[in-house]
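Letters go in sequence order (proteins before strands), and every chain restarts at 1.
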Amino acid sequence: MKTPVLDSTPEAPPCCSGAAAQRTAVAPSRTGRTLLALALALVGWSLAYAAIRPLSELLAFRALGLAPASHLGQSVAFFLYDAPKVLLLLVLIVFAVGMVRSFFTAERTRAVLAGKRESVGNVLAALLGVVTPFCSCSAVPLFLGFVEVGIPLGVTLSFLVAAPMVNEVALVLLFGLFGWKVAALYLVTGLAIAIASGFVLGRMKLERFVEPWVYASMKGSASHARERLGLQGRIEKGAEAVRDVVGKVWPWVLAGIAVGAGVHGYVPEGLLAGFMGKSAWWSVPAAVAIGVPMYSNAAGVIPVVEALLGKGAALGTVLAFMMSVIGLSLPEIVILRKVLRPPLIAAFVGIVALGILLVGWLFNAVL
Amino acid sequence: MKIQVLGTGCARCKVLTANTEKAVQALGLAVAVEKVEDLREIMRLGVMTTPALLVDGKIRAAGKVLTADAVMDLLRS
């Protein structure tokens, strides 16, 4: 998949993600060239974005000769419009988030959180969870690192809830497919759940259910070599994030949009209203119960969500489903079992699920 | 010189180990790349995000996979 932003760092060969970011001394002329390439890429991006609708309609109804009112025409037009739109948005936002994230590291976040009171700490931890680079494979060392410097358990858990649940891919896809209101709703309620559940878990005094060796482990002695990035380095970080993230999720996005397109064209409106609509109160707990053991990345689940929403499912139910799929996952729970004993794991999953449930019901009641 | 790759055995950690070994070979260094997989040991070394690369006990990279070229740059300096 060729994208304009990917071309913004012609100097960095595609095999060397990370290599460029390590270089510290950068000639000013090189930064100038990178900025120029970035500006050109942005112009190209805007032109491409503006051309999606006319081109997709031209292709679907003229070139392929499909009738706009037919099932097939609806589905194909939906796919041809949504696929490039979502991919373009994804490239732009992942690039921007990659640049923003170059300001944050797990070590710096830890330093900010160390010594904070619980309430303030929970809020900060949830916010930092959104912008700190995070991979669920390093959830355990991160947990240990936080606890080691005396960050309260509840604050650490706020971070671990927010980090996977509120992620940039989810936000972009929500924004692209449903508009900024749904995306903002997701951001705010996701943060609220992370803050509240971490706070409640902290109040419950569950420290005795952390594996005992955790508190016995010693404070690290190694010193960190600071990375000096500069603008050039941050732009390269953004491009690196695009290669990493977009390179990994684009097949999921296309598959998901294809499913969404099929539903869009063929499933009758309102089909799902009966059992996933507002009137069915039990649909929210059912969505959470199905969502928690499921594991998928945001890119895979959102087009499914779109299909459900389009056919009459209520927003609260659908948000609850999405949050429980992305935010709580079996693999992460298995990884955390190394440091947390079962009662604490159960409390963690239970309280986060309860938070998701409340958000689902709230939106079904209010909207 | 002492080179250590820290990671709990995930796919990304294995890639970093391989890249580091390639870099060491390319530079003709006579050092073994030490793999640290024990979680407690990793914590003791002060690393929170894996995979990480330590040279002489100093954390040179954490939470990312460096390419062989990047490791070579690092080892030269």
Side-chain angles (χ1 to χ4, degrees), chain A residues 12-25 101-102 104-111 132-149 151 156 159 163 211 213-227 237 240-241 244 331 335 338-339, chain B residues 1-24 26-27 34-77:
Chain A
C15 64
C16 300
S17 60
Q22 290 298 314
R23 264 173 239 133
T24 43
R101 282 197 169 160
S102 68
F104 297 86
T105 61
E107 286 74 22
R108 208 172 290 175
T109 292
R110 176 169 77 165
T132 308
F134 175 79
C135 149
S136 61
C137 54
S138 54
V140 164
L142 203 88
F143 177 90
L144 294 174
F146 276 27
V147 169
E148 190 182 65
V149 295
I151 296 172
T156 306
F159 182 91
E211 292 289 355
W213 63 266
V214 169
Y215 288 111
S217 73
M218 276 185 290
K219 171 118 180 44
S221 54
S223 57
H224 281 254
R226 280 265 170 137
E227 252 186 307
K237 281 267 183 191
E240 201 183 309
D244 259 22
I335 288 172
K338 283 187 192 166
V339 282
Chain B
M1 189 161 25
K2 187 171 161 196
I3 302 172
Q4 292 163 300
V5 175
L6 281 58
T8 44
C10 58
R12 282 153 54 86
C13 313
K14 283 174 192 143
V15 177
L16 181 63
T17 308
N19 288 352
T20 307
E21 275 163 358
K22 246 184 265 167
V24 168
L27 290 175
E34 185 192 332
K35 271 182 282 182
V36 181
E37 292 189 339
D38 179 60
L39 203 56
R40 294 174 212 201
E41 183 63 15
I42 291 174
M43 292 315 297
R44 202 185 60 74
L45 291 165
V47 165
M48 277 201 296
T49 46
T50 53
L53 177 68
L54 268 69
V55 180
D56 291 331
K58 261 194 136 170
I59 301 171
R60 303 308 300 267
K64 61 184 161 202
V65 178
L66 297 178
T67 59
D69 285 346
V71 177
M72 277 166 70
D73 281 352
L74 243 166
L75 293 179
R76 274 200 210 99
S77 60

| Is it the backbone or the side chain of A:Phe146 that comes under 4.5 Å from a heavy atom of chain B, or both, or neither? |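 Both parts, backbone and side chain.
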| Set of side chain to side chain donor-acceptor pair (under 3.5 Å) partners for B:Glu37, sequence neighbours left out |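 Not a single residue meets the side chain to side chain donor-acceptor pair (under 3.5 Å) criterion with B:Glu37.
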| task | Find the distance between OG1 (A:Thr109) and CE (B:Met48) and round it off to the nearest 0.5 Å. | result |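 Between atom OG1 of A:Thr109 and atom CE of B:Met48 there are 8.0 Å.
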| query | Of all heavy-atom pairs between A:Pro141 and B:Val47, which one has the smallest distance, and what is that distance? | reply |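 A:Pro141 and B:Val47 have their closest heavy atoms at CB-O, 4.3 Å.
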